[in-house]
Student: 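First, the structure itself, so that you have it in front of you.
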Amino acid sequence: MARFIDELKRTHLCGDLREAHVDQEVVLFGWVQSRRDHGGCIFVDLRDKSGVVQVMFDPSIGQSFELGDASRSEWVLGVKGKVRDRGEMKNPRIPTGSIEVIALEATVFNKSETPPFAIEDNTETGEDKRLEYRYLDLRRPKLQKALIARSKMMSTTRQHFDQNGFIEVETPYLLKYTPGGARNFLVPSRHQPGSFYALAESPQLFKQLLMVAGYDRYFQIVKCFRDEDMRLDRQPEFTQIDVEMSFVNEDDIFGMIEGLLFKLFKNVLGMDLHEKYPSGHFPRMRWGESMRRFGNDKPDLRFGIEHIDLTELVTEHDGGGIPFFEPIAKKLKSGEYRKDLPEEIVKALVIPASGNFTRADGDKLEQYVKGMGAGGLARAKLGDDGSWTQSPLSKSVTDAMRVAINKACNAQPGDILCFQFGPVDKVHTIMANLRVHIAKKLGLIPEYGSGGRFELLWITDPPLFERDETSKRWAAAHHPFTRPHDACLDLLEKDPGKVLCHRYDVVLNGFEVGGGSIRLHDPSVQARVFKAIGISDEEAEQKFGFLLRALKLGAPPHGGIALGLDRLAMLLTEGEAIRDVIAFPKTQKGTDMMTGAPSPVNAEQLVELKIATLK
RNA sequence: GGGGUGGUAGUUAAGCUGGUUAUAACGCAUGCCUGUCACGCAUGAGGCCGCGGGUUCGAGUCCCGUCCACCCCGCCA
């Protein structure tokens, strides 16, 4: 029978003790945060998941002084003691600072080697080192708070969908491989050598089948696996809040998800989004408008610096004397490029004079955009009379063009105009990133984190197809089961690039935190979509046969959405990266710094699977 | 696949144009100290300068290659 744990049960958490507990005897279990030795008395800050409290070991009180004297950082202690008021010696910087615990009796559950880094929030230790000792990193209050918040998000989610009549259904992770979308992790089959399962990149097809099966309202908090390259907000395995509903339109789904997000903000941050969105709804923006104003489909609305599309203006002026612009203007005028869907565009954005950008800053911006494949960053500073200075364009640009651009950009003296031109996607990528980059340089938003502002919106009505430049064909922009707008059905054959669809993303501070669509349940329209992207009946049957068959056996109209739980958690907890809200994340190359995964396996395992590796 | 940044005690960093014994702070160890809470004071230990090659009389420093981490493009809901 051990004295502590068996006889002495924990009575309180360290961080919960307050003046109200004075004179109470308490039993605490925790880790030594720090130890201060005054020769006579010793102070130990004891930490558990709730916080820290000061324990005092006094040689004249109790029998535990020797233990306090010997203890070191991260030792695991049990302490029985009495809470007392600190009198004049209060520490206002910590929540428990007005009291302390006088140790009467204590035990060492476990000693600790000197940890490789200190367990404290403002750590300077590099992330790779912290990932190697992830269990130590997870002891830091910041990470504990993040994971607790994440847990709160999951319980809130389950509660929300439960209250709204949803059923949580688990779907398989080991799937039949279906082409398209993300690259899959493959899992070899032992029973059928040479065959492989694919790890689920999402439960997409299964949730649609659940609608066909009549479950009507499904959700799942589910792991997804994608063998693609990592980013700050991407991990090879991540968690989605996956939702599907029958007999609904976009408004129904938006309302359900808005309801969830309102609760998540309330329960995790204590923030009432009704103050910002009194209607209970987030603003909506069409995809086309988002691309025009921000260059991507996940605009950060916390700041301006919007894009100005100059393509039309430049065409009217035949390039306006600017050699870079002239070829594009010519092609648009001659009709080689369609005016409504040009292959190349000209865009500008304005760095306000208040930013005090120097030429050196401009050169750095140029380096930045070159890193994204830009040829350069043409720019011009506005003089008091509207002239362009510090610019290679200033000599050749016509006065009319210059005045027109200044007006279109609403540029003021001292402002700097930045230009990009060329293929649409490239210009958009570069300008969208440049916009955010400049906003950070100007301090309009912090390097990471919300800065206390949360801007949510829906992006709606994107094109159904996108141009695949390698095959020169149309491809499904999302997946081929997205329902086109009824008004666009005629265009499926005539002008696929102009077909809009019932797809939507929910965006928070420049991050896509969710996306979904209303699905196509009409087999005849489905056939036309396949045809538009060059998928034959046989091919469709082979790839998606089970779903297509199901859609012909009484499929209700349905649609859904999936929210990225990790990204949402990152944003709500002010994390720097998605890794901060995942207990055991992987590095950018997919390795686990702690366990060393992935690793080679021994030859017998490969023989059993009948797998040979290539050199 | 491509571009960028970084890698020096346990940790974080400094180390200039190549030069003799590679610095500092924190941490750690030992001793002193009964009111600290970033405790203080004294003493001390601690280094494959990521790895491999090259240039040189001499490389932490210059060159080439490579590995690792992070950020971005491509890719990816």
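Here is how names work: the chains are called A, B, and so on, in the same order as the sequence lines, proteins then strands, and each is numbered from 1. Predicted, not measured: the structure shown is a model, and the values here were computed from it.
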Student: Quick one: salt bridge (charged side-chain N to carboxylate O under 4.0 Å, His left out) partners of A:Arg483, sequence neighbours excluded?
Tutor: A:Asp486
Student: Given atom CG of A:Asn122 and atom P of B:U12, what is their separation to the nearest angstrom?
Tutor: 15 Å
Student: Can you tell me the pairing partner of B:A24 across any strand shown, Watson-Crick or G-U wobble, with both distances under 3.5 angstrom?
Tutor: B:U12
Student: To the nearest Å, how far apart are A:Lys129 NZ and B:G50 P?
Tutor: 14 Å
Student: With sequence neighbours excluded, tell me which residues meet salt bridge (charged side-chain N to carboxylate O under 4.0 Å, His left out) with A:Glu168.
Tutor: A:Arg158
Student: Taking A:Glu127 first and then A:Arg134, would you say they form a salt bridge - that is, a charged N and a carboxylate O separated by under 4.0 Å?
Tutor: no
Student: Would you please name every residue forming a ring pair (Phe, Tyr, Trp, His ring centres under 6.0 Å) with A:Phe161, sequence neighbours left out?
Tutor: A:Phe166, A:Phe219
Student: In whole angstrom, give me the gap between the P atoms of B:U55 and B:U61.
Tutor: 15 Å
Student: Which parts of nucleotides 69-77 of chain B does protein reach within less than 4.0 Å, heavy atoms only, written one letter per nucleotide 5' to 3' as B for base, S for sugar-phosphate only and - for none?
Tutor: SBBSBBBBB
Student: Mind checking side-chain contact (heavy atoms from CB on, under 4.5 Å) for A:Arg72 and listing every partner two or more places apart, or none if nothing turns up?
Tutor: A:Arg35, A:Trp75
Student: Could you pull out all residues at least two apart from A:Lys543 that satisfy salt bridge (charged side-chain N to carboxylate O under 4.0 Å, His left out)?
Tutor: A:Glu539
Student: In chain order, what residues pass the salt bridge (charged side-chain N to carboxylate O under 4.0 Å, His left out) check against A:Glu120, with sequence neighbours excluded?
Tutor: none
Student: Tell me which pairs pass salt bridge (Lys or Arg N to Asp or Glu O under 4.0 Å) where either residue lies in residues 419-445 of chain A, with sequence neighbours left out.
Tutor: none
Student: Give the B/S/- string for nucleotides 30-37 of chain B, one per nucleotide from 5' to 3', where a protein heavy atom under 4.0 Å of the base yields B, of only the sugar-phosphate yields S, and otherwise -.
Tutor: S--BBBBB
